[in-house]
Amino acid sequence: MSRSRTPHTPPKSHYRMRTKLIHGTSPTKRWDYDHHVIPPLSSSTTFRLSSVHRGVEGFIDFGSEDVPLERKVPIYIYDRLDEPTRGMLEENLALAEEGEICVAFSTGMAAIAAALGVCVAGGEEIIAHEQLYGSTYSLLTSWLPRYGIQTRWCDLRKPDALRRCATPASRVVYFETPTNPSLELIDIADIRRQVDALNHERAESERLHIIVDNTFATPYCQRPLALGADLVAQSLTKDIGGFGTDMGGAVIGPRSFYNLLMAYRKDFGGVLSPKNAWSILVYGLPTLAARMANQQKTALKVAQFLESHPRVEQVFYPGLESFPQKELAHRQMVSYDGKFAPGSLVYFILQDAPGSSRAGDHLVDYVAEHAYTITLAVSLGHIKTLIENPYSMTHFNLPPEKKQTTGIHPGGIRLSVGLEDWHDIIDDLRAALEAC
Ligand SMILES: *Cc1c(COP(=O)(O)O)cnc(C)c1O
């Protein structure tokens with residue numbers, strides 16, 4: 001006699017994030033791919049509408065607050081509005097960052113511009129931490145002022161920073177943590193407490209919002225939304241894409257921002273191409289946890305090796321015992337399974353005359369010529385280890401005074417640790433340090 005079995009499908013929440021990054025929100029209303037193991041790569045700029053009525057419905061649905069997202073079977077009209085492959089990636093990125101929604105852009109910069117664009121208007125202000133990604137800095141200093149949006153620079157590591165920096169016109173607190181390149185941390189939960197205290201006295205329309213660029217940590221190492229951020233911006237070009245093949249960006253946050261972000265993207269046009277979305281959906285995001293776990297193990301070994309080398313003056317890596325903000329690092333940088341997750345970037349300074357970049361430049365040139373495992377290139381978060389000198393390369397357009405106050409040393413070296421065997425990376429670094 002066979003016993004009848006009650007079918008049992010455990011809820012998605014039962015599964016661990018490493019599993020969820022591989023299977024995503026499948027099945028999804030975005031596409032019926034019940035018979036595909038790999039989601040299809042969609043490539044259609046426009047979509048057949050079976051009737052005028054359906055077209056009208058599609059336009060009404062786009063930007064409507066009335067249809068709950070989870071019940072929404074999208075009516076696709078035109079790629080720039082919405083599209084299935086990118087839509088599937090957006091669902092999975094929202095899951096990865098523990099947010100409700102995600103809107104994907106052509107690059108990280110398009111995502112950052114949109115996150116800011118939906119939160120501030122002319123006559124209002126942004127409060128930003130002093131150390132920022134180079135293009136974000138020039139967006140804030142060369143472009144936004146033309147639209148009447150000014151930025152106040154504030155050292156957000158200091159307690160009570162916002163009480164001193166916020167004005168009635170402030171609408172956004174913007175920062176990266178860890179910062180680029182010197183890997184200083186900003187306490188997201190503490191910024192949330194400071195913003196709550198200020199918002200308490202403000203009308204709804206004048207509230208401050210917290211935007212965190214989470215590119216350096218990736219959602220594997222840190223979930224800013226869970227720590228109190230309102231929006232997260234990501235460059236998908238870096239660790240989430242992971243293989244260095246495609247550019248992309250994303251904004252993740254609560255449902256209340258979805259229509260604004262979608263409308264902004266429709267009109268400014270920086271939409272993520274479905275072909276790029278597909279490779280990030282199929283190769284990048286599903287392997288994020290496996291790559292990050294390995295890269296950060298190697299990063300710690302590399303950082304410890306550098307710290308022990310007599311030619312090295314100082315090493316910054318949140319996983320080192322000597323890291324100045326060690327307590328915060330352990331509290332804030334935590335992987336999905338609750339373990340300390342200090343990331344895959346290392347910043348270090350060689351012994352040299354004060355203010356000189358000679359030793360650093362020499363080492364990077366030696367590596368560029370001789371190292372098999374380390375490539376001189378900008379960008380970061382790839383399976384290949386990359387090295388660069390931020391002072392003269394990625395942070396070139398920061399004024400020298402600003403570089404000095406934010407700890408960007410002329411000879412400082414940024415290393416983005418890849419997936420190579422750690423012995424080989426250390427051997428190449430040792431050879432370079434000994435030759436210089
Ligand atoms: C690369 C990067 C960006 C910009 O991303 P793109 O995809 O190159 O536009 C923004 N912020 C940080 C921290 C980055 O590393």
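Residue indices begin at 1 and follow the sequence shown. Start at 1 and go down the list; that is how both ligands and their atoms are numbered. All of these numbers come straight from a predicted model, not from anything done at the bench.
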Practice problem: Report the nearest protein non-hydrogen atom to atom 9 (O) of ligand 1: residue, atom name, distance rounded to 0.1 Å. | Solution: Met109 N, 2.9 Å
Quiz item: Any heavy atom of Gly248 sitting closer than 4.0 Å to ligand 1?
Solution: yes
Quiz item: Would Asp230 and Arg192 pass as an ion pair if we require N to O under 4.0 Å?
Solution: yes
Self-check item: Which residue and heavy atom of the protein sit nearest atom 14 (C) of ligand 1, plus the separation
Solution: Lys238 NZ, 3.0 Å
Self-check item: Sub-4.5 Å side-chain heavy-atom contact between Tyr391 and Ile413
Solution: no
Exercise. Specify side chain, backbone, both or neither for Leu236, according to which of its non-hydrogen atoms lie closer than 4.0 Å to ligand 1.
Key: neither
Quiz item: Just by modelled atom types, is the Ile186 backbone N or O under 3.5 Å from a matching donor or acceptor in the Thr177 side chain?
Solution: yes
Quiz item: Under a 4.0 Å N-O cut-off, is there an ion pair linking Lys275 with Asp246?
Solution: no
Quiz item: Less than 3.5 Å between some nitrogen or oxygen of Phe216 and one of ligand 1, yes or no?
Solution: no
Exercise. Number the atoms of ligand 1 from 1 as they appear, then name those within less than 4.0 Å of a heavy atom of Leu380, with their elements.
Key: 15 (O)
Quiz item: To which of Ile112, Leu345, Asp246, Asp213 does the heavy atom nearest atom 12 (C) of ligand 1 belong?
Solution: Asp213
Exercise. Answer yes when Glu100 and Arg255 have at least one side-chain N-carboxylate O distance shorter than 4.0 Å, and no when they do not.
Key: no
Self-check item: atom 4 (C) of ligand 1 [closest protein heavy-atom partner, distance rounded to 0.1 Å]
Solution: Tyr133 CE2, 3.5 Å
Quiz item: From Leu116 CG over to Arg171 CZ, what is the distance, rounded to the nearest 0.5 angstrom?
Solution: 14.0 Å
Practice problem: Go through the steps for Ile252 and Ile101 under the test side-chain contact (heavy atoms from CB on, under 4.5 Å), then give the verdict. | Solution: CA-CA 6 Å; Ile252 303 103; Ile101 59 95; over 6 Å; no
Quiz item: What's the shortest distance from atom 6 (P) of ligand 1 to any protein heavy atom, and which residue and atom give it?
Solution: Gly108 N, 3.4 Å
Quiz item: Can an N or O of Met247 be found at a distance shorter than 3.5 Å from an N or O of ligand 1?
Solution: no
Exercise. Determine, for Lys158 against Asp155, whether the closest basic-nitrogen to carboxylate-oxygen distance falls under 4.0 angstrom.
Key: yes
Quiz item: N/O to N/O below 3.5 Å, does that happen between Thr237 and ligand 1?
Solution: yes
